[in-house]
Protein chains: 2
Amino acid sequence: MRVLVYGSGQLAQMMYLAAAPLGVIVSAVDVSNETVVHPVSKEPTGVSLQNAIEDANAITVEFEHVPEHLLLDADKSGKLFPNVASILAGADRVREKALLSKHEIPNCPYLIITDVTDLDNVIASLGERVIFKASRDGYDGYGQWRMQSADQLEKLKSEFAKLDLVKVPLIAERMMQFDREISLVGARDSEGNVSCFSLAENLHFEGQLHVSVAPITDLSDSLQSQANEIFEKLATAMDYVGVLAVELFQCGEELLVNEIAPRVHNSGHWTQQGCDTSQFEQHIRAVLGLPLGAVDVRGVSAMVNIIGCTAFSRDLIGIAGAHLHWYGKEVRTKRKMGHINVVADSHSHLGNKLAQLLAFLPVEHFPELEAEANRLKNYTK
Amino acid sequence: MRVLVYGSGQLAQMMYLAAAPLGVIVSAVDVSNETVVHPVSKEPTGVSLQNAIEDANAITVEFEHVPEHLLLDADKSGKLFPNVASILAGADRVREKALLSKHEIPNCPYLIITDVTDLDNVIASLGERVIFKASRDGYDGYGQWRMQSADQLEKLKSEFAKLDLVKVPLIAERMMQFDREISLVGARDSEGNVSCFSLAENLHFEGQLHVSVAPITDLSDSLQSQANEIFEKLATAMDYVGVLAVELFQCGEELLVNEIAPRVHNSGHWTQQGCDTSQFEQHIRAVLGLPLGAVDVRGVSAMVNIIGCTAFSRDLIGIAGAHLHWYGKEVRTKRKMGHINVVADSHSHLGNKLAQLLAFLPVEHFPELEAEANRLKNYTK
């Protein structure tokens, strides 16, 4: 069997590696030049995109920003999973917010800004602390503006006046007081079966995910089931097939959806070592109509992103339970180069292992790690 | 980093898949035509063997029957692990027996037969129940003859008279009464560190491995440590670097070495799901001089070989803990096509899962499975 993935980065690569044991060959599409490439070597396979579409048993995406004409072309084959509307909802915050509102899924109060004059309603409607996000291409913290008090509004107005707000509206969102950011990664198959991974706790720095821990500390059954319900409601409403990630804010016992990603997700990488079935294999199973796999956790996991650096000691894999996942890309500032999964039998042991890990890493590139190691070390539940 | 593997079958393929996350690219050598190929697609990479040897950080083998001139060529680079003598000891039972005897490692009593007249000593020295094995190419039960009583000796003599016993001697070995066949797969790195996986229990049918279970039932600390000692003694004596498999007969609390395989081994495939580090990743780590990984087991595993058939239901992967590993080869009688790893939290639960598995498989190709499922189901320790 064959799966064609639009996008040829690390997510396609990890899908390839997870699919191969099932006898499933994954090819990737470099969407910048519409070339079919090997997901690991990135070398052209010599197969045309049209032939690759024909040969595929299923077609999917590794990111939501695939040019729309490519999605529509792929969709004609009847083999694209998830469906176009789901992918576009992940690529466009206006569609995403409409989806959440339509299905009454709790999310942060917002306004859609298509004209600078819309800003006049913002403070009355959302308060003084507001985050403005470009509705499209708002990837990894780029294209975001924060207002902390009313006196910043005029400056933002003049900045936004330079933008084409009709073409790319902004979402103005109330900055919520939340306890932490968590995410639910799950899968839905074409028969409507849903299977969710354990909740992950996510630490961001300058808009990028740095560390995930799963299961989250202080995980209650009610929190997990609340998240699962949100997931199932959303995935069912979207007639979604594949792995879907839902980023959430936890405010006390309440969960608000921050955003959704119609694909395997960085906050689900821990499943590679931490679960019976990884999110990558689960996605491949779902889009091919194979049964979903078990999602039992193996102990407690952390995923540590390696961002913008290559200078670390590979000897970190000598730490029991530490596994490197290297993407083989050229280094660039803020670029995700790889990640490290660490598995332990308790949160406090995980904290000890993260502390060990620090010795092998240039700590300036891992601004969240030491504090998180300390927090987990002292976690006694 | 790059690793070049001589041999382009499923073992090279699984090394490739295990190495890629470490940022290690594995290429394979099809030894039949000395061509460098991709270990999954088997397509030529276009790189010459000589260039591949130069580019490699380490060179290794997936089977011991690599033509000797290729081994010697590879060895000139100084990057071949394990060393040539170790590989040849696995390919030649005369060398293997000499090694075991030299280091006083318990094994079955034997004679080397280089002339038909040597057979005259066999019964006096080994008894009437003797197994004769060709010293080379004795792979998966081929090239073996069994004598159950003295009256069969004359017939064997006339059969052996047709062979070139000087070129390929026979090993005559006392057929031992043993309780079961087990194996120890472990690794040794270039600094002499040794790490052994848990003992696996192996069920053979017509000379081929069909099912492995690890850890073995009734595993005692003394049995594991006895096996580990044998492993360490052997690996150290051979100055071995990489993964080495030692097949053993258990006779009460005594262990006898049956044979050794200087490579990753079918009876170690369970480590892919059943251990923190798989044998494939462990081998790659060892030959590259990276730290060895942890070998903690995750529950209890079974590995079920899929031999000589393709007609089974892929839906078997819906069983919680069941993972398919498919090699993508054309089907042939007695050919290993893939395997299924099943993980459970106890031997009895593993038995239940194996029983579930039967429903998805053509049972005539899995002659050992039902009885093993029943044995494990009823195992209450």
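Order of the sequence lines sets the chain letters (A, B, ...), proteins ahead of strands, with each chain counted from 1. Computed from a prediction, not measured in an experiment: that's the story for all the values here.
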If you measure from [atom1] on [X] to [atom2] on [Y], what distance do you get to the nearest 0.5 Å?
X	Y	atom1	atom2	result
L22(B)	I317(A)	CG	CD1	5.0 Å
L324(B)	R285(A)	CG	CZ	9.0 Å
T277(A)	H323(B)	OG1	NE2	4.5 Å

Side chain, backbone, both or neither: which part of [X] has a heavy atom under 4.5 Å from chain B?
X	value
L316(A)	neither
A322(A)	backbone
E43(A)	neither
L292(A)	backbone

- prompt: Which residue out of S41(B), G321(B), G293(B), G328(B) racks up the most heavy-atom pairs below 4.5 Å with chain A?
  reply: G321(B)
query: If you tally heavy-atom pairs under 4.5 Å against chain A, which of H339(B), H325(B), Q272(B), R314(B) wins?
result: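 Going by pairs under 4.5 Å, I would pick H325(B).
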task: Assign the ring pair H38(A) / Y16(B) to parallel, tilted or perpendicular, where the plane angle (0 to 90°) is split at 30° and 60°.
output: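 Perpendicular: the ring planes of H38(A) and Y16(B) meet at over 60°.
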